[in-house]
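Remarks on the structure that follows.
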Amino acid sequence: MLQVIRSGQGHRALRQLPRPFFFPSSLRTITKISAMYPQTEPFQSGMLKVSDIHELYYEVSGKKDGNPVVFLHGGPGGGVDPSDRGFFNPEKYKIVLFDQRGAGKSTPSACLEENTTWDLVKDIERLRELLKIDKWHVFGGSWGSTLSLAYAQSHPDRVKSLVLRGIFTLRKSELKFFYQEGASHLFPEAWDEYVSVIPEPERHDMITAYHAQLNSADEETRLKAAKAWAKWEMWTSKLYVDPAHIAHADNDKFATAFALIENHYFVNDGFMRDGQLLDKQEIDKIRHIPTIVVQGRYDVVCPTTTAYALKKVFPEITLNIVPDAGHSSREPGIANLLVEATDSFADL
């Protein structure tokens with residue numbers, strides 16, 4: 001099933017629409033985010049030691065005996081925000097959020113040692129076991145969708161459902177589009193700032209060039225590169241450029257962890273073979289898991305072509321394309337449909 005949804009349809013639109021339902025791409029309606037639930041405070045939080053080096057911050061909110069769901073944040077290196085709890089009905093769900101290795105409140109901050117996709121997959125299992133959860137729903141956007149797929153393919157018997165947003169599978173073509181040539185044609189002024197910290201002879205491979213800057217012996221060079229890297233993503237993450245979102249890149253701690261960890265993963269191809277998550281033998285492992293995907297049509301960070309590629313190899317999914325949205329989970333059409341998706345699985 002593939003649907004193109006207008007964000008003006010709002011909360012519970014999916015149940016009211018005939019399927020499939022298409023709106024002309026010229027139809028654009030911008031509404032406020034009305035679907036997200038009020039935040040509830042965690043009733044449990046702590047630090048989970050997952051290696052000799054890393055400790056992860058985690059929290060549990062919502063209903064103590066509710067339907068468990070784990071939220072996998074983006075980046076990698078982005079960390080969670082209290083507002084992330086709002087994607088889930090707190091009267092139905094036991095909501096588990098955690099900061100991945102080196103991100104957010106997890107320690108040590110920005111640490112790259114023992115920090116790979118497969119370390120994170122093992123961490124999710126450790127957290128599930130700590131919380132004595134048998135099976136849970138998995139929710140992830142952007143890099144969180146990558147990690148959700150990797151986790152589900154590794155532990156398909158532990159996943160009740162998948163709700164994914166802004167599909168990203170770490171293929172070389174996806175990285176090239178965003179970090180080398182593609183998005184640059186749409187945001188030339190932001191691109192100029194992004195490339196300005198890299199000497200011109202090195203700009204033929206921006207990820208590698210940034211890797212050198214982010215790991216420089218000079219602290220000022222590292223921080224300047226981190227802020228420029230983070231700012232590029234903040235610039236391009238919404239259909240309507242948000243100055244407040246861009247300003248987030250000026251936070252030293254956030255920018256350092258976000259840029260360093262992202263670049264570490266991307267320079268290492270996500271520690272997986274190119275296209276691994278879309279391979280038929282991997283998808284066959286999760287074909288039985290109910291899956292809803294919400295994708296912004298004008299997402300330039302994680303372009304729609306990847307969500308479409310997932311739909312082709314995994315036709316059982318419901319793919320919703322929002323015609324007036326970019327990448328951010330906080331854009332109205334995307335946020336509303338994500339909540340609609342979690343509502344639909346609340347009693348599963």
Going from [atom1] on [X] to [atom2] on [Y], what distance comes out if it is rounded to the nearest 0.5 angstrom?
| X | Y | atom1 | atom2 | answer |
| --- | --- | --- | --- | --- |
| Ile207 | Asp269 | CD1 | CG | 8.5 Å |
| Leu149 | Thr117 | CG | OG1 | 11.5 Å |
| Phe168 | Leu277 | CZ | CG | 10.0 Å |
| Ile321 | Leu337 | CD1 | CG | 12.0 Å |

Sequence-distant partners of [X], salt bridge (charged side-chain N to carboxylate O under 4.0 Å, His left out), two or more places apart:
| X | value |
| --- | --- |
| Lys49 | none |
| Glu125 | Arg128 |
| Asp205 | none |

Taking Phe139 as the fixed residue, which of Phe345, Phe71, Tyr93 is the one that meets the side chain to side chain contact (heavy atoms under 4.5 Å, CB included) rule?
->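 Among Phe345, Phe71, Tyr93, the one meeting side chain to side chain contact (heavy atoms under 4.5 Å, CB included) with Phe139 is Phe71.
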With distance as the sole criterion, is a donor-acceptor pair present between the side chains of [X] and [Y] under 3.5 Å?
| X | Y | value |
| --- | --- | --- |
| Ser216 | Asp218 | no |
| Arg101 | Thr116 | no |
| Asn115 | Tyr265 | yes |
| Trp143 | Glu262 | no |
| Asn67 | Lys160 | yes |
| Glu114 | Ser51 | yes |

Using a strict cut-off of less than 4.0 Å between a Lys/Arg side-chain nitrogen and an Asp/Glu carboxylate oxygen, indicate whether [X] and [Y] qualify as a salt bridge.
| X | Y | answer |
| --- | --- | --- |
| Lys135 | Asp157 | no |
| Asp123 | Arg126 | yes |
| Glu174 | Arg171 | yes |
| Asp343 | Lys92 | no |

Are the side chain of [X] and the backbone N or O of [Y] linked by a donor-acceptor pair below 3.5 Å?
| X | Y | answer |
| --- | --- | --- |
| Gln295 | Ile167 | yes |
| Arg158 | Asp134 | yes |
| Asn251 | Lys253 | yes |
| Ser61 | Glu41 | no |
| Lys238 | Asp242 | no |

Those residues that, when tested against Leu223, pass side-chain contact (heavy atoms from CB on, under 4.5 Å) (two or more places apart) =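 Checked Leu223 against side-chain contact (heavy atoms from CB on, under 4.5 Å); matches are Lys227, Asp252, Thr256.
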Please name all residues satisfying side-chain contact (heavy atoms from CB on, under 4.5 Å) with Ala152, sequence neighbours left out, ordered by chain then number.
-> Val159, Leu162, Ile286, Ile289
What pairs of donor and acceptor atoms, side-chain ones from residues 104-111 against any protein atom, are under 3.5 angstrom apart with sequence neighbours left out?
{"from": "Ser106", "atom 1": "OG", "to": "Tyr57", "atom 2": "N", "distance (Å)": "3.0"}
{"from": "Ser106", "atom 1": "OG", "to": "Asp99", "atom 2": "O", "distance (Å)": "2.7"}

Centroid-to-centroid, Phe178 to His327, below 6.0 Å?
-> no
Determine, using ring centers only, whether Trp191 and Tyr179 are less than 6.0 Å apart.
-> no
Do the ring planes of Trp232 and Phe187 sit parallel (below 30°), tilted (30 to 60°) or perpendicular (above 60°)?
-> perpendicular
Determine the interplanar angle of the Tyr210 and Tyr194 rings, folded into 0 to 90°, and report it as parallel if under 30°, tilted if 30 to 60°, perpendicular if over 60°.
->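 Parallel, since the angle between the ring planes stays under 30°.
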So do Trp229 and Leu260 actually touch side chain to side chain, heavy atoms under 4.5 Å?
->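 They are not in side-chain contact.
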